[in-house]
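Structure, as structure tokens:
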Amino acid sequence: MIAESGHYALVLALALALIQSIVPIVGARWRDAALMNVARSTALAQLLFVAASFAALVTLHVTSDFSVANVYENSHSLKPLLYKITGVWGNHEGSMLLWVSILALFGGLVAAFGNNLPLSLRAHVLAVQAWVASAFYLFILITSNPFLRIANPPIEGRDLNPVLQDIGLAVHPPMLYLGYVGFSISFSFAVAALLEGRIDAAWARWVRPWTLMAWIFLTLGIAMGSYWAYYELGWGGWWFWDPVENASLMPWLAGTALLHSALVMEKRNALKVWTVLLSILTFSLSLLGTFLVRSGVLTSVHAFATDPTRGVFILLILFVFIGGSLSLYAWRAPALKQGGLFAPISREGALVLNNLLLTTACATVFIGTLYPLALEVLTGEKISVGAPFFNFTFAPLFVPLLLAVPFGPLLAWKRGDLLGAAQRLMVAGIAALVAIALVFAWTYGGATLAPLAIGLAAFVIMGALCDLAERIALFRIPLSLSLRRARGLPRATWGTAFAHAGLGTALIGIVCETTWNSEYIGSMKPDDVARVAGYELRLDGLNPRQGPNFREMVAQFTVTRDGQTVSVMTPSKRNFTTRGASTTEAALLTRGASQLYISLGDASADGTIAVRIYHKPLVLMIWWGPVLMAFGGLLSLSDRRLRVGAPKPAKATARALQAAE
Amino acid sequence: MTLWFVFALMTVAAIFAVLWPLSRRGRADTGGSEVVVYRDQLAEIDRDMASGIIGAAEADAARIEISRRLLAAADASGREEPVQGSLNLRRSAAIVALVGLPVIASGFYLALGSPRLGDFPLAERSRVADANQPLANLVAQVEAHLEKNPTDGRGWTVLAPVLSRLGRYDDAVRAYRNAINYAGDSADRRADLGEAMMGTAGGVVTAEAKAEFERAVALNGDDAKGNYFLGLAAEQDGRKADAAALWQKMLSKGPPDAPWRPLVQAALVRVGGTVPAGVGAPALPDGAMAAAKDMSEADRGTMIQGMVDRLATRLKTNGDDVEGWLRLVRAYLVMGERDKAMSALADARQAVANDADRLRQLNDGLKNLGLDG
């Protein structure tokens with residue numbers, strides 16, 4: 001009964017979404033308040049039914065009801081409870097259900113908290129949201145239904161892909177989807193604005209917090225996914241320029257651009273049309289990401305769906321929504337009122353530069369990801385576009401971006417003073433030069449670009465700190481007064497500083513990890529010793545162990561440094577009998593921000609085992625960076641002040657430093 | 001039934017979600033407007049200034065900026081037509097909800113769903129399937145479950161043959177009656193019920209039991225068990241010719257590989273009837289049959305034993321023959337050698353374990369024999 005009720009709830013959600021797609025639009029056309037209000041109650045009811053449906057699927061997985069095909073194919077009665085739950089979205093059907101659940105969640109949030117939205121705007125937004133939802137409900141019900149049954153249920157399931165049996169699955173996909181789908185709100189707002197033919201204050205007020213929320217989740221989701229790949233796939237890489245990773249990076253780049261242009265719109269009422277376009281593009285890229293992962297056009301770790309009917313269906317959805325919204329944009333955008341004017345050197349100008357660079361970077365990733373696919377479709381030739389392409393195109397775009405980052409917050413709205421900003425950044429510049437010199441001296445004769453990159457990172461971090469220091473007038477007024485000012489600073493300012501510093505932090509991690517990474521690869525017998533980066537790792541022995549649904553071979557290493565025992569590391573190799581697959585569980589030893597990393601290869605008959613040991617200096621900073629960014633975003637989100645960026649009165653220069661926010 | 005009730009409740013809730021806003025008097029002021037947003041902003045500037053978050057100069061600048069936008073917005077909203085309601089529009093929306101929702105939902109669900117399938121959470125299934133538990137415990141569990149859910153036809157259907165096999169015929173009769181009540185009438189169930197009734201009477205086909213067999217045959221003229229026992233009833237009444245006629249008809253009409261063939265043939269021989277020509281089953285060739293007819297009870301037993309042994313030996317070398325296995329199990333059951341039947345069954349499972357199709361065929365066949373997988 002649980003299975004069938006869940007199925008029926010999903011069907012009802014589709015029916016409600018269809019009504020929500022049409023009735024409010026009709027209501028807005030004929031200006032009928034009651035009809036427009038239907039959007040609200042149906043959005044909430046839709047959320048209720050999808051949530052019930054999702055809860056039903058979770059229950060079925062937890063109770064191992066193998067009469068449900070989805071449970072049979074992806075679960076096993078011996079799996080630990082956590083993986084029974086996470087296994088719900090560790091497969092195609094379940095993850096699509098999670099996708100629509102989150103979509104309904106966002107729709108429900110707009111319905112529940114959208115009291116101050118103009119009625120017709122809310123009706124339009126929810127209707128657009130329902131269009132997307134209907135398309136995906138249909139997709140799920142017709143091509144990937146998680147509630148299909150088996151009349152003679154088998155007694156045991158086929159288990160979840162072992163690589164996915166990890167805590168990462170509990171966090172990464174929900175975060176990523178909250179990010180992907182969160183952008184649907186700004187998309188719906190953009191399409192609603194185009195349908196209505198106007199963008200008003202409420203529009204501007206709403207779009208930024210929603211974008212920010214989606215962006216925070218996407219940032220954390222991508223970082224989490226990268227860390228997961230780092231420790232689970234067993235060869236220590238943290239970013240592969242894999243098409244699936246690019247699929248999540250593209251919306252992130254576009255979303256970051258959107259975040260900044262929405263800022264301009266919210267505060268200065270400018271860049272409206274561009275923001276609308278970015279909103280559409282960002283969600284389109286999210287849809288594209290869904291298509292790439294879910295259609296199985298790519299064969300990689302993530303693409304566990306390989307069914308052409310699904311691909312064609314998603315392609316159709318993609319075509320309708322992206323094509324439709326862009327045509328709508330081409331048709332209606334000229335009708336939108338243009339906003340305020342600004343000088344090229346100004347906060348707005350800086351944000352436009354940011355948008356320009358970010359969207360270009362996004363475009364290069366787009367080309368690098370889709371070109372091989374297009375080529376294969378057209379000529380049948382298989383090429384792979386890998387790290388070299390992205391490193392050569394991405395870096396030249398990000399270097400000027402990073403150089404410009406510290407300037408942005410220091411420029412005033414409408415008309416800024418570049419020279420003044422440069423003067424105030426003097427300290428950051430000096431810090432960067434010192435950093436370059438130090439690193440260069442330290443690694444004399446080594447890589448030449450790396451010290452420069454570290455200097456750039458130092459400039460970004462110090463620039464963010466400079467901005468704060470300027471605002472609280474550090475060292476120019478008594479410290480106690482500065483501290484009081486710091487407390488009084490808007491949280492959004494702190495957020496900006498954190499997010500920008502996070503960028504620099506991640507850069508330091510990336511440069512250090514790629515440049516000064518040291519490794520040992522070889523086969524070891526018990527009592528062999530490997531030396532990596534000043535550490536000595538002795539293989540104590542290999543022990544078999546029985547887990548709940550796997551057997552594993554655990555190797556024990558004693559790590560010493562200068563004769564002092566540091567720790568014991570136990571990497572292992574797991575064998576999952578049901579799927580006949582094995583995974584490597586790398587062992588990580590964290591020392592400050594650096595890590596030792598051991599993963600096991602194959603054991604041979606003579607008792608030796610292939611071992612890969614890496615020392616990765618400052619590698620953790622790669623992920624601390626995004627966490628800092630997300631934290632900054634959170635601070636900014638918690639800042640509920642209304643954001644009106646008034647231009648400074650020209651004569652009031654004395655207060656100039658505070659006025660920017 | 002509960003399932004449909006739950007569906008109905010859910011549908012009503014969904015319809016309610018659409019009708020509720022339609023039923024309320026449309027208030028023009030629901031939702032904010034641009035002007036409201038700007039007013040909020042002005043109020044918030046005052047609050048921020050009071051709490052010292054922004055300075056006076058910025059506050060003034062912001063106020064000017066907002067006021068400028070407020071004026072523009074007020075201008076625009078003044079030109080807008082007021083929100084109005086139209087009863088016709090609402091009525092049609094209500095009709096869309098009342099008709100559309102159930103139609104869409106049931107259309108999709110009936111095409112995709114499996115409303116007849118209940119849940120099979122593993123915990124409950126393994127309680128039944130655990131081979132280590134004594135059978136009595138399992139039966140007790142099922143009985144406890146049925147006490148709470150006396151209308152669970154499937155439960156009764158599962159329980160009844162087990163009770164019958166355990167020799168608890170009185171309970172079996174009750175279980176079969178419940179199965180017929182709640183899971184539907186069928187020839188098989190009627191015949192099984194009659195057999196259980198025979199059990200209570202020590203193997204005698206009572207009038208009551210005979211009535212059940214007659215019902216079974218009325219439901220399905222070819223029901224093997226019903227026909228066989230009607231024959232047996234005739235034999236027990238002393239009407240050997242009638243019995244022979246019934247059984248002969250069964251043999252001539254029944255499929256050549258029916259598992260009950262040896263049993264009926266043996267019974268036919270017992271009452272002195274002749275096996276119809278041309279329908280000799282592969283198990284007992286005509287010649288052998290004719291020979292068996294003239295044999296004494298003991299000799300006949302030996303002959304059958306020999307045939308069964310030959311079959312067993314053949315299956316040991318060629319385990320793919322599912323029909324053969326079924327015949328062997330059946331033969332052991334008829335000869336009352338239940339242990340051998342069970343070991344043959346286990347061998348059969350092992351022999352075809354690697355072939356899903358054959359395994360299913362075997363399990364189905366065993367079900368027909370009353371040996372549930």
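Model, not experiment: these values are computed from the prediction. Every chain is numbered from 1, with letters handed out A, B, ... down the list of sequences.
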- Toward chain A, the part of B/Val18 with a non-hydrogen atom under 4.5 Å: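 Both the backbone and the side chain of B/Val18 come within 4.5 Å of chain A.
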
- Message: Quick check on B/Thr11 against chain A: is it the side chain, the backbone, both or neither that has a heavy atom closer than 4.5 Å?
- Response: both

So for [X], is it side chain, backbone, both, or neither that comes closer than 4.5 Å to the heavy atoms of chain B?
X	result
A/Leu48	neither
A/Val38	both
A/Ile19	side chain
A/Ile22	neither
A/Phe147	neither
A/Ala9	both
A/Leu16	both

- Query: Distance only, no hydrogens: is a donor on one side chain within 3.5 Å (strictly under) of an acceptor on the other, for A/Asp65 and A/Ser67?
  - Reply: yes

- Message: Quick check: closest heavy atoms across A/Ala127 and A/Pro24, and the distance to 0.1 Å?
- Response: CB-CB, 4.5 Å

If I take atom [atom1] from residue [X] and atom [atom2] from residue [Y], how far apart are they, to the nearest 0.5 angstrom?
X	Y	atom1	atom2	value
A/Arg29	A/Leu35	CZ	CG	13.0 Å
A/Lys79	A/Asp159	NZ	CG	6.0 Å
A/Leu14	A/Ile140	CG	CD1	10.0 Å

Using atom types as modelled, flag every donor-acceptor pair under 3.5 Å from a side chain in residues 104-114 of chain B to any protein atom, sequence neighbours excluded.
from	atom 1	to	atom 2	distance (Å)
B/Ser106	OG	B/Pro102	O	2.5
B/Ser106	OG	B/Val103	O	3.4
B/Tyr109	OH	A/Glu4	OE1	2.3

- Item | Top contributor to chain B interface from A/Ser5, A/Ala39, A/Ser120 [non-hydrogen pairs under 4.5 Å] | A/Ser5

- Message: Tell me whether B/Ser92 contacts the main-chain N or O of B/Asn88 through its side chain, where contact means a donor paired with an acceptor under 3.5 Å.
- Response: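 Confirmed, B/Ser92 side chain pairs with B/Asn88 backbone.
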
